[in-house]
Amino acid sequence: MLRGLARAAAQRYGAPRPRGCGSGAGVPVHQVDLRSDTVTKPGPAMRRAMAEAVVGDDDYGEDPTVRELQEKAAKLLGVEQTLFVPTNTMANLISVMGHCQRRGSQLLLGQECHLHVYEQGGVAQIAGVHSHPLPDLPHGTLDLAELERMVTRGLGSPYHPVCELICLENTHSSSGGRVLPIDYLHQVHRLARSYGVRVHLDGARLMNAAVALRVSPARIVEHCDSVSLCFSKGLGAPVGALVGGPKDFIEGAWRLRKALGGGMRQAGVLAAAALVGLADAEEVLLRDHQNAQRFARGLQELASPICSVDVAAVETNVVMVTVDGLAPEELCRRLRAVSAAEVAQTGRAVRVLLFPWSERSVRAVWHRDVSAQDTELALRKWEFVLRQLGP
């Protein structure tokens, strides 16, 4: 079972050195940060848009840039309304609270999904919602028969919690950025509706899924009752997310945002960054996917007994690397280190940052700050490290 080692690794390894600092061998160090797509920094166009944003008090609904973002996002997602919030964790929590208004309501979700593993159990400790995790299938999906069994178990029972919500994650982070098939989304939504249950989509990387499927985001969201979308991952904004759904649902979401401390004032400065991220999303994310796939193929071509990749499973910007005969933490340490031997053999000093993901894997994530050249340098550094480890 996958373990959340990334957070502990961040504390253990400390902050990375600035890109380009010296290697100790007289050669500048080139840093490639593959820890997450959350590490991006706003580019000149995004910073300019933030500086020039027209703002107002969003808590009064008076920020024109926030309104522009919410209206554009609603059209993009094919929903009646959206609501801008600080984080995708808050967007998910608001959505769960909006759907599950009775304490003790049951939420069904995957045991390795982000909402269950990485959001501090907020749906329990804040919303009083009972989460029941189901085993994730390799593609990030849930078994439909088991899902139906759990949905129906509480119907008419005085003992079992009553299921009110199913949460799906698309793309599915812990499965390596896998994309949920549209037909599967349709089947889950049809099953849920037949029992009066709603479906929330954790769409933190929804735009990656849409690009991979070559469909509009609305084509995915039509099979859900609510959706979240994060701007601070592949879209490159420094902060922000949104909740999308029917008008009455978003009216309730506004009240929940306020209760959770998410009401913001001159938030147009942040919404402006999100608008820039959306404007070039398709081009940027497609490039990220291509770079990730190029890396996966290159690593597999090295035919190392230590590291292997299922190239067919690389559908978006995430690459899961299986590690044998070496602790993932040690592999990360070696990829991060630079040495005179590396400079002598390769002519470069490259520092690759990434996290151990489980006891036998590491995860690498591509984003707008990693170019095709960076990808090639990361691959060459990986080759150097594996050569040093021997056959």
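For clarity, every value in this text was computed on a predicted model and none was experimentally measured.
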Next on the checklist: Let me check something: do Val39 and Leu335 share a hydrophobic cluster, defined by ILVMFWY side-chain heavy atoms less than 4.5 Å apart, either directly or through other members?
Outcome noted: no

Item to check | Side-chain H-bond candidate by donor/acceptor type, Ser174 with Glu112, under 3.5 Å | outcome: no

Next on the checklist: Parallel, tilted or perpendicular, judged at 30° and 60°: which one describes the rings of Trp366 and Phe295?
Outcome noted: tilted

Checklist entry - Phe249 and His99: aromatic ring centres closer than 6.0 Å? => result yes

Checklist entry - Are any of the side-chain nitrogens in Glu301 or Arg297 under 4.0 Å away from the carboxylate oxygens of its partner? => result no

Checklist entry - Does a donor on one side chain sit under 3.5 Å from an acceptor on the other, for Asn317 and His367? => result no

Checklist entry - Glu315 and side-chain hydrogen bond (donor to acceptor under 3.5 Å, both in side chains): which partner among Gln293, Arg178, His172? => result Arg178

Checklist entry - Salt-bridged, Arg294 to Glu376, with N to O below 4.0 Å? => result yes

Item to check | Heavy atoms from other residues, nucleotides or ligands near CD of Gln120 exceed 12 (cutoff 6.0 Å) | outcome: no

Next on the checklist: Under the criterion side-chain contact (heavy atoms from CB on, under 4.5 Å), I'd like the reasoning laid out for Arg35 against Asp33: C-alpha separation, chi angles, the key distance, then a yes or no.
Outcome noted: CA-CA 6 Å; Arg35 292 174 297 167; Asp33 195 339; 2.6 Å; yes

Item to check | Asn88 (side chain) donor-acceptor with Ala241 (main chain) under 3.5 angstrom | outcome: no

Next on the checklist: For the residue pair Asp374 / Ser371, report whether a side-chain donor-acceptor contact shorter than 3.5 Å exists.
Outcome noted: yes

Checklist entry - Do Ser173 and Arg205 come within less than 4.5 Å of each other through their side chains, counting heavy atoms only? => result yes

Checklist entry - With the threshold set at 4.0 Å, does a side-chain nitrogen-carboxylate oxygen contact exist between Glu164 and Arg198? => result yes

Next on the checklist: Val284 vs Val211, test: side-chain contact (heavy atoms from CB on, under 4.5 Å). Steps then yes/no.
Outcome noted: CA-CA 10 Å; Val284 170; Val211 168; over 6 Å; no

Item to check | More than 12 heavy atoms of other groups within 6.0 Å of Arg255 CZ | outcome: no

Checklist entry - Can Arg67 be said to sit on top of Phe84's aromatic six-ring, NZ or CZ under 6.0 Å from centre and within 45° of the ring axis? => result no

Item to check | Side chain to side chain, Val352 and Arg336, heavy atoms closer than 4.5 Å | outcome: no

Checklist outcome for this item: Shortest non-hydrogen pair, Pro161 vs His130, comes out as CG-CD2, 3.6 Å

Next on the checklist: With a 6.0 Å cut-off (strictly less than), is the heavy-atom count around CD of Glu283, excluding the residue itself, greater than 12?
Outcome noted: no

Item to check | Lys/Arg-Asp/Glu bridge criterion (N-O < 4.0 Å) met for Lys75, Glu71 | outcome: no

Item to check | Hphob cluster co-occupancy, Leu83 + Val227, side-chain heavy atoms under 4.5 angstrom | outcome: no

Checklist entry - What class does the angle between the rings of Trp357 and Tyr118 fall in, given that below 30° is parallel, 30 to 60° is tilted and above 60° is perpendicular? => result tilted

Item to check | Check: Cys332 and Val362 side chains under 4.5 Å, non-hydrogen atoms | outcome: yes

Checklist entry - Are Leu109 and Leu142 connected, step by step, through hydrophobic side chains (Ile, Leu, Val, Met, Phe, Trp, Tyr) whose heavy atoms are closer than 4.5 Å? => result no

Checklist entry - How far does CG of Leu185 sit from CG of Leu180, to the nearest 0.5 angstrom? => result 5.5 Å

Next on the checklist: side-chain contact (heavy atoms from CB on, under 4.5 Å), that's the test. Do Leu76 and Met207 meet it? Break it down for me.
Outcome noted: CA-CA 10 Å; Leu76 181 70; Met207 297 302 294; 4.0 Å; yes

